[in-house]
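Data first, discussion second: the structure below is written as structure tokens.
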Amino acid sequence: MSEIKKVEKIVGVKGMNDILPADAALWELFENTVESVLKSYGFQQIRTPIVEPTALFSRGLGAVTDIVEKEMYSFVDSMNGDNLTLRPESTASVVRAAIEHNLTYDGPKRLWYSGPMFRHERPQRGRYRQFHQVGAEAIGFTGPDIDAELIMLCQRLWDDLGLDNIKLELNSIGDAEERSRHRVDLIAYFEQHQEILDADAQRRLHSNPLRILDTKNPAMQAMVNGAPQLLDYLGQESRAHFEGVQKILHHNNIPFTINPRLVRGMDYYNRTVFEWVTDQLGSQGTVCGGGRYDPLVEMFGGKSTPACGFAMGVERLLELMRASGEPVTRNECDVYLVHQGEAAQLQSFVLAERLRSAGLDVVLHCASANAGGSFKSQMKRADASGAAYAVIIGEDEVANNTAAVKVLRAEAGVKEDGSNQAVVPFDGVPDYLVDLIVGNDDHGHDHDHQHVHYHH
Ligand code: ATP
Ligand code: MG
């Protein structure tokens, strides 16, 4: 090899994580569960770009929000001068796409998405600069029924994931006119307590006083608790909507508490808002937030269309899953194929393809730099692979047109004669293994089998 010029060691961007193979089974379990729950409510997936025009967020989310004030990854496209931003959330993108493609022309739509989001925050437990959200947006629905459905969908997901420590907090923030009447009184109240307001609150006093209610500053709690409550300002229609949501939740035994101080980070919300919170993740305890955002479609230039949605933080939910059950394990493959000699190697390629055609997951031993090709080292690889069976082709097997099948893991089944090894005619190996695997599978091994097991 020619001389290689080394570069300085490069590491990943701070706050942006690699998700390694050891975690793949947990992610897969989460993603499969989420997808099947969303499908069971008739939601359809939408995939929007990771990069959007900056104005989508700076106008859409509200100027005085954490995201727009200080968390956006914005840049100028050096090719054409466009102002672009890595999406910090997806509601704005989904609404943009719905308008652009006139998605609701033939009726309301239930949409969902999943993917990475980007916010320039201080990295800490449960808070990253690239993180993942799964969200749903129901566009074109007017009533409290869809609000309740979205909440019940979340409850079903927590149940299916075996998470029983997530609690629902609910509030209504009314409509713009109700909020503005409340706002006048709220500002007056905060002005009476100027000396208690921290710098953040001072700054928001006239721009976004509602957000002050959301403060995490302990020194402000008592004062904030005594502030005028938006709930007391709701008019008849908002109140009826809120009661409608609660009625459906009660009827379906979904527990919740009303938190009159609950507001959401983005400006586009109205009426129903909710958060799912846990006390098991330290201070980053909100795993999902959502609510109604009736003004947004019109704000973005679409026809006035009501909407409601939620977004959940995948990393926080995975941390709860890690804490709540036994580790999620994964059998990496069914078969590891071991071979000795050139003829055997050629045969093993043929057999591996036949086994895959029969639906099995097969790892074929290939040459590598740090392990010899000896029988012993190949068997070590086979053991480490997590495969249930090793299939071995050596000179004898080539000569006799057979293959040896060896059970590697006890639960894969020892045969009646007590041995854990059999010599099988070459052409019969796929059927032989499929029979063994289907026969040994007490959970009904469906043959697009998922190699994921989750224990409680
Ligand atoms: P917070 O008050 O924790 O900053 P937020 O109001 O900014 O939350 P949303 O915009 O509502 O959060 O996002 C929905 C969910 O996405 C949150 O409840 C959380 O679970 C998750 N989330 C938000 N920001 C991050 C982040 N930086 N890292 C990991 N997860 C996040
Ligand atoms: Mg935030």
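As a basis for the values below, the full set of heavy atoms in this structure was taken, side chains included, without hydrogen atoms, waters or symmetry mates. Order of appearance sets the numbers: ligands from 1, and atoms from 1 within every ligand.
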Other residues, nucleotides, ligands: >12 heavy atoms within 6.0 Å of E195 CD: yes

Under 3.5 Å: donor-acceptor pair, side chain of E315, backbone of H132: yes

Min heavy-atom dist Q284 to ligand 1 below 4.0 Å: no

Close-contact set for ligand 1 against E121 heavy atoms, below 4.0 Å: 24 (N), 25 (C), 26 (C), 27 (N)

Where ligand 1 meets A311 - atom numbers and elements under 4.0 angstrom, heavy-atom basis: 14 (C), 15 (C)

Sub-4.5 Å side-chain heavy-atom contact between L364 and R356: yes

Nearest-neighbour protein heavy atom for atom 29 (C) of ligand 1, which is reported as residue plus atom name and distance: G126 O, 3.2 Å

Pair Q378-Y336, side-chain donor/acceptor within less than 3.5 Å: no

Closest approach of any protein heavy atom to atom 6 (O) of ligand 1, naming residue and atom: R264 NH1, 4.3 Å

Pairs involving residues 297-310, ordered by first then second residue, that meet salt bridge (charged side-chain N to carboxylate O under 4.0 Å, His left out) (sequence neighbours left out): none

Heavy-atom nearest neighbour in the protein, as seen from atom 21 (C) of ligand 1, with distance rounded to 0.1 Å: G313 CA, 3.6 Å

Atoms of ligand 1, numbered as shown, that sit under 4.0 Å from any heavy atom of V287: 18 (O), 20 (O)

Donor on one side chain, acceptor on other, D198 and N217, under 3.5 Å: yes

Contacts of type side chain to side chain donor-acceptor pair (under 3.5 Å), residue Q133, not counting sequence neighbours: none

Check: R261/N225 side-chain N/O donor and acceptor closer than 3.5 Å: yes

Nearest-option assignment for atom 24 (N) of ligand 1, heavy atoms, candidates E71, R119, Q124: R119

Top protein contact for atom 28 (N) of ligand 1, by heavy-atom distance: Y128 N, 2.9 Å

Protein contact to atom 3 (O) of ligand 1 [nearest heavy atom, distance to 0.1 Å]: R127 NH2, 2.9 Å

Neighbour count above 12 (heavy atom, 6.0 Å) for Q45 CD: yes

Side chain proximity check, I166 to V277, heavy atoms < 4.5 angstrom: no

For atom 30 (N) of ligand 1, the protein heavy atom that lies nearest, with its residue and separation: F131 CD1, 3.4 Å

Non-hydrogen protein atom less than 4.0 angstrom from atom 11 (O) of ligand 1: yes

Nearest-contact summary for atom 16 (O) of ligand 1 - protein heavy atom, Å: Q133 NE2, 3.0 Å

For K216, atoms of ligand 1 separated by under 4.0 Å from a heavy atom: 2 (O)

Closest approach of any protein heavy atom to atom 17 (C) of ligand 1, naming residue and atom: T286 O, 3.9 Å

